[in-house]
Protein chains: 2
Amino acid sequence: MSEGVGEGLRVAGLAHRVPDLGALELLLAVARLGSLGRAARELGITQPAASSRIRSMERQLGVAMVDRSPRGSRLTDAGALVTDWARRIVEAAEAFDAGAQALRGRRDSRLRVAASMTIAEYLLPGWLMALRAQRPDTAVSLLAGNSAAVAQRLLADEADLGFVEGLTVPTDLDAVVVGHDRLIVVTAPGHPWARRRTPLPAQELATTPLILREEGSGTRQVLETALGGLARPLLELSSTTAVKSSAVSGAGPAVLSELAVGEELSARRLVSIPVAGVRLDRALRAVWRRGHRPTGPGRDLLGLTRG
Amino acid sequence: MSEGVGEGLRVAGLAHRVPDLGALELLLAVARLGSLGRAARELGITQPAASSRIRSMERQLGVAMVDRSPRGSRLTDAGALVTDWARRIVEAAEAFDAGAQALRGRRDSRLRVAASMTIAEYLLPGWLMALRAQRPDTAVSLLAGNSAAVAQRLLADEADLGFVEGLTVPTDLDAVVVGHDRLIVVTAPGHPWARRRTPLPAQELATTPLILREEGSGTRQVLETALGGLARPLLELSSTTAVKSSAVSGAGPAVLSELAVGEELSARRLVSIPVAGVRLDRALRAVWRRGHRPTGPGRDLLGLTRG
DNA sequence: CCTCGCTCATAAACCCAGCTTATGCCGTCA
DNA sequence: TGACGGCATAAGCTGGGTTTATGAGCGAGG
């Protein structure tokens, strides 16, 4: 959401307008199974509970979503649409859950992971979901920190596998590149750069004021290294989200990690501007204590990170 | 306790492991404002309520997220991570809300939109959020249906602005292209195609078994038109989500709308395979009754769709 | 030095959303 | 026609989240 200056009209929070996760899960189950009762059974509740919950969701949204019949229930057109939107919420919640369970860091974990923030934020939940899909009984614990902290954990044998971003590999660790954090230049679709047919010269990027994170942030450092020390800020903002929404609303070109803008790119709220002559990315590496390449669950996870 | 019918260990649903939306919103507010009390005030609840809610969320997740001090509250490292994951859920909920409010279709709407499913599902929520940001008092109503239904609504003057996908423009309507639904070929990163340096020949695409939606679906039709009538299914699945997860888990190459896989592409769970010699896209058009180009809020929305 | 002002925590009482159990109605199929 | 599956309704219970009221820690300023 945009920075809420002057709220003006007091509107009840999102939570009062959006059904809770349980209701959304139920809706997805009804869509999949074609019956309130079966959906209820799958979720471990009774049929009247499901019936009432769907009904109250319809009342809350003001839309009939389910066509009831004595032979089952099918979604209405509106219901199908709502279900598609709901699926996104539930998917985000699944990623949250996968991450949070690892973060809980139980002592009995069979795999202890230490990861830098970018990786933990964007990539690890997906990997953990995939790992859970293929090895459901693997308990993973996660510790997030900077590269030095990751290295320290590994060397102290408090973690089995680490993930770091950046140019250098900490000493006494073995590493393999598992991906790249590509910075990309993005603008709103209306910006002149969006109509270019040729890549933007690095020189022009360096001399144009950009929407950037504050000095010292990881992406800012990568950008300034690539440009040779200079970057002109048009705006300096303190969160990736803020940079993103400024760019979407057309304030100017921004430089952001590709990981942060997948959704915006595919919906064309932002467009990516190719740039010639600079490598705006940094390697993402899996690391482990020299000579102790992970086995078992760690090896499984490592496999997932490379496809 | 719920009884474990069927699936071995019965695991409580997501809703019991993920904090509800209200708690996540609160967490974001705490992160932004640096104080439980201020966050409480912003959300219109009391400070003890916020305190207790954050505490119970920490208990639920088993992670300390907030460092309390007499001068305010800051997130811990783990808390920052949880907050980033939470933000995705909240963003999806905001899109849901924007769509659902329009779907409610109140009679007093100042702008009545009719849209086809793909557009309503993927693009419209974003447009509506943008519209709300720049014109907060515009009430929009939405009706979703196929192209014929959209045309009918417009011609009956029951809608002010329509959106359709497909090759043809219904008669008696004016239209402007607002985007493209690009189908792309995707595979898991480990697939041989992912290592190609040259675009895939259309011929090879046509002769390779693919993971596809069922016959008759929109994307399947576009693909078969582009390929000249033939497509070999490796798997035929009935939902985009199912196709996507099969592809992610490496079952084979799939053809999907770019709109459906933004997230998977940026996280490299899927990679896009360029194809030579076929146009795998269909135009997305805004349409209106001939000679009645929208004014006012309709014009605003139209502006947003083109950047 | 002491008090004000901000922070957060605790305790008790309240309320309502959502659950269960029990029942009824409707349509389909053998 | 009776059994079955599907949904709706009603009554009663429970718990999580809320409020009000209060207390305690820390810093700033008269």
Side-chain angles (χ1 to χ4, degrees), chain A residues 10 12-62 64-76 79 86, chain B residues 1-6 10 12-62 64-76 79 86:
Chain A
R10 165 144 295 300
L14 259 191
H16 298 283
R17 291 181 316 232
V18 176
D20 64 47
L21 274 173
L24 300 179
E25 280 189 279
L26 175 61
L27 180 62
L28 296 186
V30 171
R32 183 158 37 81
L33 301 173
S35 147
L36 293 186
R38 269 197 290 278
R41 238 168 289 140
E42 178 172 275
L43 299 188
I45 62 177
T46 60
Q47 172 268 318
S51 181
S52 129
R53 211 160 188 194
I54 294 283
R55 186 167 295 282
S56 79
M57 184 162 36
E58 289 179 313
R59 189 160 29 80
Q60 178 185 20
L61 301 179
M65 294 188 297
V66 173
D67 262 340
R68 287 103 169 143
S69 91
R71 289 211 313 285
S73 295
R74 297 227 73 75
L75 295 182
T76 62
Chain B
M1 248 339 155
S2 49
E3 61 255 294
V5 181
R10 166 145 295 300
L14 258 192
H16 297 283
R17 290 182 316 233
V18 177
D20 65 46
L21 274 173
L24 299 180
E25 279 189 279
L26 175 61
L27 180 62
L28 296 186
V30 170
R32 183 157 38 82
L33 301 173
S35 146
L36 294 185
R38 269 197 291 277
R41 237 169 289 139
E42 177 171 278
L43 298 189
I45 62 177
T46 60
Q47 171 267 319
S51 181
S52 128
R53 215 162 186 193
I54 293 283
R55 185 168 294 281
S56 80
M57 184 163 33
E58 289 178 314
R59 190 161 30 79
Q60 179 184 19
L61 300 179
M65 293 188 297
V66 174
D67 262 340
R68 287 105 168 142
S69 91
R71 289 211 314 285
S73 294
R74 300 226 73 75
L75 295 181
T76 61

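Below, chains carry the letters A, B, ... as their sequence lines are ordered, and counting in each starts from 1. Keep in mind the model is a prediction, meaning the values are calculated, not measured.
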Examine C:dT7: is either OP1 or OP2 under 4.0 Å from a nitrogen or oxygen in the side chain of B:S35? Give yes or no. yes
OP1 or OP2 of C:dA9 less than 4.0 angstrom from a side-chain nitrogen or oxygen of B:S51, does that happen here? yes
With heavy atoms under 4.0 Å as the rule, sort A:D20 into base, sugar-phosphate or nothing. sugar-phosphate
For DNA chain C, the residues among residues 52-62 of chain B that have a non-hydrogen atom under 4.0 Å from it: B:R55
For A:H16 and D:dG17, what is the distance between atoms NE2 and P respectively, to the nearest whole Å? 12 Å
Shortest non-hydrogen contact from A:R53 toward A:D20: NH2-OD1, 2.7 Å
Under 4.0 Å from OP1 or OP2 of C:dC8: is there any side-chain N or O of B:S73 that close? yes
Which heavy-atom pair separates B:S73 from B:V66 by the least distance, and what is that distance? CB-CG1, 3.4 Å
What pair of heavy atoms forms the shortest contact from A:P19 to B:L21, and how long is it? O-CD1, 4.3 Å
Taking N or O atoms only and anything under 3.5 Å, show me the protein contacts with nucleotides 20-30 of chain C, one pair per line.
from, atom 1, to, atom 2, distance (Å)
C:dT20, OP2, A:T46, N, 3.0
C:dT20, OP2, A:T46, OG1, 2.7

Write down the distance between CG (B:L26) and P (D:dG16), rounded to a whole number of angstrom. 18 Å
Within the side chain of B:E25, is there an N or O that forms a donor-acceptor pair under 3.5 Å with the backbone of A:A15? yes
Looking at B:E42 and B:R32, what are the two nearest heavy atoms and their distance? OE2-NH2, 2.8 Å
Residue-phosphate contact under 4.0 Å: B:R68 side-chain N/O, C:dT7 OP1/OP2: no
To check you understand the geometry: which heavy-atom pair defines the closest contact between A:A64 and A:T76, and what is its length? O-OG1, 2.9 Å
Main-chain N/O of B:G72 paired with B:R74 side-chain donor or acceptor, under 3.5 Å: no
How long is the span from the CG atom in B:L33 to the CZ atom in B:R41, to the nearest 0.5 Å? 9.5 Å
Atom CZ of B:R74 and atom P of C:dC8: how far apart are they, to the nearest Å? 11 Å
Would you say D:dG6 has OP1 or OP2 under 4.0 Å from some side-chain N or O of A:R41? yes
Can you see which heavy atom on B:L61 is nearest to which on B:R17, and at what distance? CD2-O, 3.7 Å
